[in-house]
2 protein chains.
Amino acid sequence: MIDPPHASAYIAIMAAHHHHEHAGASLAQAAEATLVEAGEQWTDMRSDIFAVLATFEKPASAYDIADLVSQRRGKRVAPNSVYRILDLFVTTNLARRVESANAYIANSHPGCLHDCIFLICDSCGTATHIDDDALTMSVRAAAEHAGFAQVRPVIEVRGKCADCD
Amino acid sequence: MIDPPHASAYIAIMAAHHHHEHAGASLAQAAEATLVEAGEQWTDMRSDIFAVLATFEKPASAYDIADLVSQRRGKRVAPNSVYRILDLFVTTNLARRVESANAYIANSHPGCLHDCIFLICDSCGTATHIDDDALTMSVRAAAEHAGFAQVRPVIEVRGKCADCD
DNA sequence: TTTAGCGATGTAATGTTGTAACGTGCATCA
DNA sequence: TGATGCACGTTACAACATTACATCGCTAAA
C-alpha cells in the first residue's frame, strides 16, 4: 500500500529529459538572451555579476560575488547592488538561491524552467543538481493538496559528495 | 514511462501513518523524555526555550526566542545561548531548522524521526508540515544515486496557505 | 535643446542572523 | 578537596540582508 521509492522512475526521466547544459561563453549568451527575452537589460554590471557567479562551482554568497566583481572592475561594488541583480537573476531564472547555504548559483540551463533538486556537500561545499520532474511535481502536488497555492518548492539535500565520502 | 504524481500515494500514507501529535504540556513532557533518553539534561534553560519555541505556530528566529526567554526570566539571555540549545534540539530531533526562513520550529512528534516537508506561507508566515515518507525516501534515493552519503534532505515549500490565498 | 521621467547603479547606514573565544558556576567523583 | 566535565554567561565580531536616498545616463515629450 505504500509506493516504492521512485529511483527507477527518475532514472527513466534523466534519460528522457534532455536539455542544454551550457557552460562558459555559451552560458553567458543564453543568460543574456533570457534576460532580454524577459524585457530586461543586459548591462555591464549584470554581465560581470553573472560571469563571476558562473565561475563558481559552489554556491556563492552575495559578498563573495561583490568582492570578485569589485576586483574585476577595480572599483568597489557594494553588496547591495549585487543583491539587487541576484534577485533579478532569480526571478528570471538565471540563477537560483540555495536556501540552506544563504548563497546563489548560476542556472546552467536558463530558459528551461523547472524545479530542481540541489545536492550540497557539507565537506567541500560543491553543489550539483538533479532534475526529477516526477519528484518535484509530487512535492508540488502534496503542497497543493494541503491548500497551498503559488507554490515554490525548496528541495535541497545536504550530505557528503562522492569525492568527500 | 513517467510516473504520475504521487498524490494518491501520500494520501494513503497520511491515513496509514499515525503518530502522536503532541501539544502543550504533553509536548513538553515528550520533549523532556526524548532529551533524557538521549543522555542529555533537561535544564530550566532548556525547558524555557522549548516552551517558548512551542508557543509559536510560525518558525521562530533565535533572536525572537532570546527576547521572549529574556522576558520570561527577567534577565537577558544572549542569542548565543539560545543557538547552543537550539542546535541541541535539532540534533536530538526536538526541533527543526527551517532553512528558507532562518528559523526554528518545535517538532510536534519528537522521538518519531523521519524527514518532513514544511509548508511555509509567504503571507502569514505560518508553517505546517506533512509527512510523506514515500516522497522523502525518493529524494534520499535520488541523492544517494548521485553518490551522496549521510544525506539530510531539506524539503520546504513556500507559497500561500489556504487562509491567505 | 531643454527637461521630465525612468531604470540602473552608487552610497551610507542599519538591521538580522550566526559564531568564536573565553570565563564562571555547579555537580560529580576519585 | 581538588580535578573533571557540562551548562551557561559575556563580549566581541563575522556574515548575511535591507532600507532610504542620491546620482547618472538614456530617451521621449515639450
Side-chain angles (χ1 to χ4, degrees), chain A residues 32 35-36 38-53 56 58-70 72-92 94-105 120 122 125 158, chain B residues 32 35-36 38-53 56 58-70 72-92 94-105 120 122 125 158:
Chain A
E32 174 173 356
L35 248 204
V36 170
E40 300 285 350
Q41 305 177 35
W42 184 252
T43 65
D44 285 357
M45 188 74 251
R46 290 170 187 188
S47 171
D48 283 354
I49 288 182
F50 188 84
V52 166
L53 180 59
F56 283 84
K58 35 193 89 177
S61 80
Y63 279 74
D64 292 340
I65 295 167
D67 287 346
L68 286 176
V69 173
S70 295
R72 189 189 184 100
R73 310 203 125 205
K75 180 172 188 311
R76 174 185 144 87
V77 174
N80 189 346
S81 301
V82 175
Y83 275 110
R84 269 195 292 241
I85 292 176
L86 287 175
D87 287 347
L88 175 68
F89 287 175
V90 168
T91 61
T92 53
L94 264 59
R96 303 280 191 158
R97 179 173 164 82
V98 181
E99 295 291 350
S100 69
N102 294 333
Y104 299 81
I105 194 164
I120 302 108
D122 288 328
R158 311 296 309 216
Chain B
E32 174 172 358
L35 247 204
V36 170
E40 300 285 350
Q41 304 176 35
W42 184 253
T43 65
D44 284 357
M45 188 76 252
R46 291 173 186 187
S47 171
D48 283 354
I49 288 182
F50 189 85
V52 165
L53 179 60
F56 282 82
K58 35 193 90 176
S61 82
Y63 281 73
D64 292 341
I65 295 167
D67 287 346
L68 286 176
V69 173
S70 294
R72 189 188 184 101
R73 310 202 126 207
K75 181 171 187 310
R76 172 184 145 89
V77 173
N80 192 343
S81 301
V82 175
Y83 274 110
R84 270 195 293 244
I85 292 176
L86 286 175
D87 287 348
L88 174 67
F89 286 175
V90 168
T91 61
T92 52
L94 263 58
R96 304 279 191 157
R97 179 173 164 82
V98 180
E99 296 290 349
S100 68
N102 294 334
Y104 300 81
I105 194 164
I120 304 107
D122 287 327
R158 310 297 307 218

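Below, read A as the first sequence line, B as the second, and so on, with proteins coming before strands; counting in each chain starts at 1. Just the heavy atoms: all of them, side chains too, but no hydrogens, waters or symmetry mates, feed the values below. Quick caveat: nothing in here was measured; it's all calculated off a predicted structure.
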Is the distance from OP1 or OP2 of [N] to the nearest side-chain N or O of [X] less than 4.0 Å?
X: B:Lys75; N: D:dC8; answer: no
X: A:Arg97; N: D:dA17; answer: yes
X: A:Thr43; N: C:dA8; answer: no
X: A:Gln41; N: C:dA8; answer: yes
X: B:Ser81; N: D:dC8; answer: no

What I'd like to find out is whether the side chain of [X] reaches to under 4.5 Å of the side chain of [Y], using heavy atoms alone.
X: B:Val36; Y: B:Gln41; result: no
X: A:Val82; Y: A:Tyr104; result: no
X: A:Ile120; Y: A:Val98; result: yes
X: A:Phe50; Y: A:Leu35; result: no

Residue B:Asn80, side-chain heavy atoms: nucleotide from C:dA20, D:dC8, C:dG10 that is nearest: C:dA20

Selected nucleotide, minimal atom distance to B:Ala78 side chain, candidates C:dG10, D:dA7, D:dT10: D:dT10

[X] [atom1] - [N] [atom2] separation (whole Å):
X: A:Glu99; N: C:dT17; atom1: CD; atom2: C1'; result: 14 Å
X: B:Leu86; N: C:dG18; atom1: CG; atom2: P; result: 10 Å
X: A:Trp42; N: C:dA8; atom1: CH2; atom2: C1'; result: 15 Å
X: A:Asp87; N: D:dT18; atom1: CG; atom2: P; result: 7 Å
X: B:Arg73; N: D:dA7; atom1: CZ; atom2: C1'; result: 11 Å
X: B:Ile65; N: D:dC8; atom1: CD1; atom2: P; result: 15 Å
X: B:Phe89; N: D:dC8; atom1: CZ; atom2: P; result: 9 Å
X: B:Tyr83; N: D:dC8; atom1: OH; atom2: P; result: 17 Å

Any donor-acceptor pair under 3.5 Å joining the side chain of [X] to the base of [N]?
X: B:Asn102; N: C:dT16; value: no
X: A:Arg84; N: C:dG7; value: no
X: A:Tyr63; N: D:dA17; value: yes

Parallel, tilted or perpendicular: ring planes of B:Tyr63 versus B:Tyr83, cut at 30 and 60 degrees: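 Judged by the thresholds at 30° and 60°, the geometry between B:Tyr63 and B:Tyr83 is perpendicular.
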
